[in-house]
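Accompanying notes for the structure given below.
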Amino acid sequence: MENDRTTTAPSRLRAGFVGAGFMAEVHSRAARAAGAEVAGIASSSPASAARAKDRLGVEQAYASVQDLVQDDRIDIIHVCTPNATHFALAEAALKAGKHVICEKPLATNVQDATKLVELAATAGTVATVPFVYRFHPMIREARERIASGQTGRISTIQGSYLQDWLLTRDDDNWRVDAGIGGPSRAFADIGSHLCDLLEFVSGERITQVGALSRTLFSGRANHKNVQTEDLVAAVFATENGTVGNLLVSQVAPGRKNRLMFEISGSESTLQFDQEAPETLWLGKRAGSQLLVRDPDALSPEAARLSVLPAGHPQGYQDAFNAFVADTYAAVDGDNRDGLPTFRDGLRSAVLTESIIESSRDGEWVDVPDVKKLEGVQL
């Protein structure tokens, strides 16, 4: 069966990557799928970059990040490094006139995220953050159904993002270190994805939060003073008065990457589960149904992202490929719907700091409007 839908950008960009871990693998696969030349890589050391060059099939390993960023032959930089390094690396790339894809969190505080938004605007280059779950076709279908009024007036929003990879005291990772991963872990790492989806799909912004967080282990295998949270629970309200709740955990046994949300309106309920991304549950008072991805029966944006025929499952890497392809298309002047930019990264930083503040002080917190942050021209 022939399928003429595509998310491939037209030009052959030369992409450079900073970092050599799992995310660099995901980014490089997506860049290659989008037709880019996987041109260069830099890492924590020349030896690490050389190993990654061979493992990922990159053209050239650079001795330093500076060498990579300053190379005029590189068009776009993918920042795939630990959180605390994102600001400096993205800043250097933007000042060098590069387009940038920066892993989330964009920065570990609002001030730095704001500076990057301003710098990207001044540079006039494309600057995006991979909130890639937006690129599941059934996410776009859910968004369209709400925007078109099929769901009715939204009354409640609930969501969760559950993992188990830090379940025991022996489980460890650089992310548990606040100096490397930032002051928030579970929320900044995965809660950011959840909140981005809740706002993207519903079309409503979270304006108030009341949060609780817990750190189950004060020490882990290689970190003796763990202060970042293992889980967060929160209730929230939107500007429309919608009531919501969310649960984020990296210590939920058996849950590998379960991002789920349910949005209820006066006419129907929508439920999406990232571990079963080919379906969307449509709840109705009578006649609930499970809508299965079929590009011939979906809204235009959902159909555009359905690069495989019905019955041929798409997943996380496909969503990532679509995000990178849409970023590259924006470099060519083709700005497609729903592309998450540095401004969305700033929004995530604002929400993260609001969650931290509410959990620390035990009080409701008003979430600042990013449009009112000084110096940001939206």
Which atom of Ala186 lies closest to which atom of Leu231, heavy atoms considered: CB-N, 4.2 Å

For the residue pair Ile206 and Glu199, establish whether any side-chain heavy-atom pair is separated by less than 4.5 Å. yes

Minimum heavy-atom distance Val232-Ser213, with the two atoms named: CG2-CB, 4.0 Å

Kindly give the cluster partners of Val292, where membership spreads through any ILVMFWY side chain lying under 4.5 Å from a current member. none

Tyr316 and Val26, any side-chain heavy atoms less than 4.5 Å apart: yes

Between Asp318 and Asn321, is any side-chain donor less than 3.5 angstrom from a side-chain acceptor? no

Of the non-hydrogen atoms in Asp344 and Leu339, which two are nearest, and what is the gap between them? OD2-O, 4.0 Å

Would Leu116 and Glu91 count as a side-chain contact (heavy atoms from CB on, under 4.5 Å) here? Give the steps. CA-CA 6 Å; Leu116 289 177; Glu91 179 184 43; 4.1 Å; yes

Please answer whether the main-chain N or O of Ala84 pairs with a side-chain N or O of Thr108 as donor and acceptor at a distance below 3.5 Å. no

Side chain of Arg255, backbone of Asp164: donor and acceptor closer than 3.5 Å? no

Side chain proximity check, Gln314 to Pro277, heavy atoms < 4.5 angstrom: no

Any side-chain donor near an acceptor of the partner, Asn240 and Glu204, under 3.5 Å: yes

Could you verify whether a donor N or O on one side chain and an acceptor N or O on the other, from Thr341 and Thr128, lie under 3.5 Å apart? no

Is it the case that the side chains of Arg29 and Gln317 hold a donor-acceptor pair, with the cut-off being a distance below 3.5 Å and no angle test? yes

Should Glu275 and Arg258 be marked as a salt bridge (charged side-chain N to carboxylate O under 4.0 Å, His left out) after you check the CA-CA gap, both sets of side-chain angles, and the distance that decides it? CA-CA 6 Å; Glu275 289 188 339; Arg258 190 178 190 256; 5.1 Å; no

Looking at every heavy atom in both Val176 and Val226, which two are closest together, and how far apart are they? O-CG1, 4.0 Å

Is it true that atom CD of Gln66 has more than 12 heavy atoms of other residues, nucleotides or ligands lying nearer than 6.0 Å? no

Side-chain touch Ile263/Ile146, heavy atoms, less than 4.5 angstrom: yes

Should the heavy atoms of other residues, nucleotides or ligands under 6.0 Å from CZ of Arg153 be counted, would the total exceed 12? no

Could you check Arg140, Arg143, Arg134 and say which one makes a salt bridge (Lys or Arg N to Asp or Glu O under 4.0 Å) with Glu301? Arg140

Hey, can you pull the donor-acceptor pairs under 3.5 Å for the side chains in residues 280-288, sequence neighbours left out?
from   : atom 1 : to     : atom 2 : distance (Å)
Ser288 : OG     : Lys284 : N      : 3.0
Ser288 : OG     : Lys284 : O      : 3.1

Does any part of the side chain of Leu291, heavy atoms only, come nearer than 4.5 Å to the side chain of Glu141, both counted from C-beta? yes

Measuring only between side-chain heavy atoms, which start at C-beta, is Phe261 closer than 4.5 Å to Leu246? no

Exercise: do Glu144 and Ser299 side chains pair donor with acceptor under 3.5 Å: no

For Phe320 against Pro130, the heavy-atom pair lying closest together: CZ-CB, 3.9 Å

Residues sharing Ile180's hydrophobic cluster, by side-chain heavy-atom contacts under 4.5 Å among ILVMFWY, directly or via others? Trp174

Does Ser249 use its side chain to pair, donor to acceptor, with the backbone of Val251 at less than 3.5 Å? yes

Check the side chains of Gln274 and His193 for a donor-acceptor pair under 3.5 angstrom, ignoring hydrogens and angles. no

Does Arg145 offer a backbone N or O that forms a donor-acceptor pair with the side chain of Ser148 under 3.5 Å? yes

Would you say the rings of Tyr328 and His99 are close, in the sense that their centroids are separated by under 6.0 Å? no

Taking every non-hydrogen atom, the tightest pair across Asp67 and Ala63: OD2-CB, 3.8 Å

With a 3.5 Å distance limit and no angle check, can you tell me whether Glu239 reaches the backbone of Arg205 through a side-chain donor-acceptor pair? yes

Look only at the side chain of Arg14 and the backbone of Glu37, and say whether a donor-acceptor pair between them is shorter than 3.5 Å. no

Under a 3.5 Å threshold, yes or no: a donor from one side chain and an acceptor from the other, between Tyr161 and Asn257? yes

Apply side-chain contact (heavy atoms from CB on, under 4.5 Å) to residues Val248 and Leu194 and explain how you reach the verdict. CA-CA 9 Å; Val248 175; Leu194 174 60; 4.1 Å; yes

Would you call Lys104 and Asp189 a salt bridge, using N to O less than 4.0 angstrom? yes

Using only heavy-atom distances, determine whether the side chains of Ser184 and Glu229 contain a donor-acceptor pair under 3.5 Å. yes

Is there a side-chain contact between Asn173 and Trp165, using heavy atoms and a 4.5 Å cut-off? yes

Is any side-chain N of the basic residue among Asp171 and Arg220 closer than 4.0 Å to the acidic one's carboxylate O? no

Is it the case that the side chains of Gln250 and Asp230 hold a donor-acceptor pair, with the cut-off being a distance below 3.5 Å and no angle test? no

No-hydrogen, no-angle side-chain donor-acceptor test under 3.5 Å, His223 and Asp172: yes

Treating Arg293 as the side-chain partner and His312 as the backbone partner, does any N or O pair qualify as donor plus acceptor under 3.5 Å? yes

Heavy-atom side-chain proximity of Ser358 to Trp364 below 4.5 angstrom: no

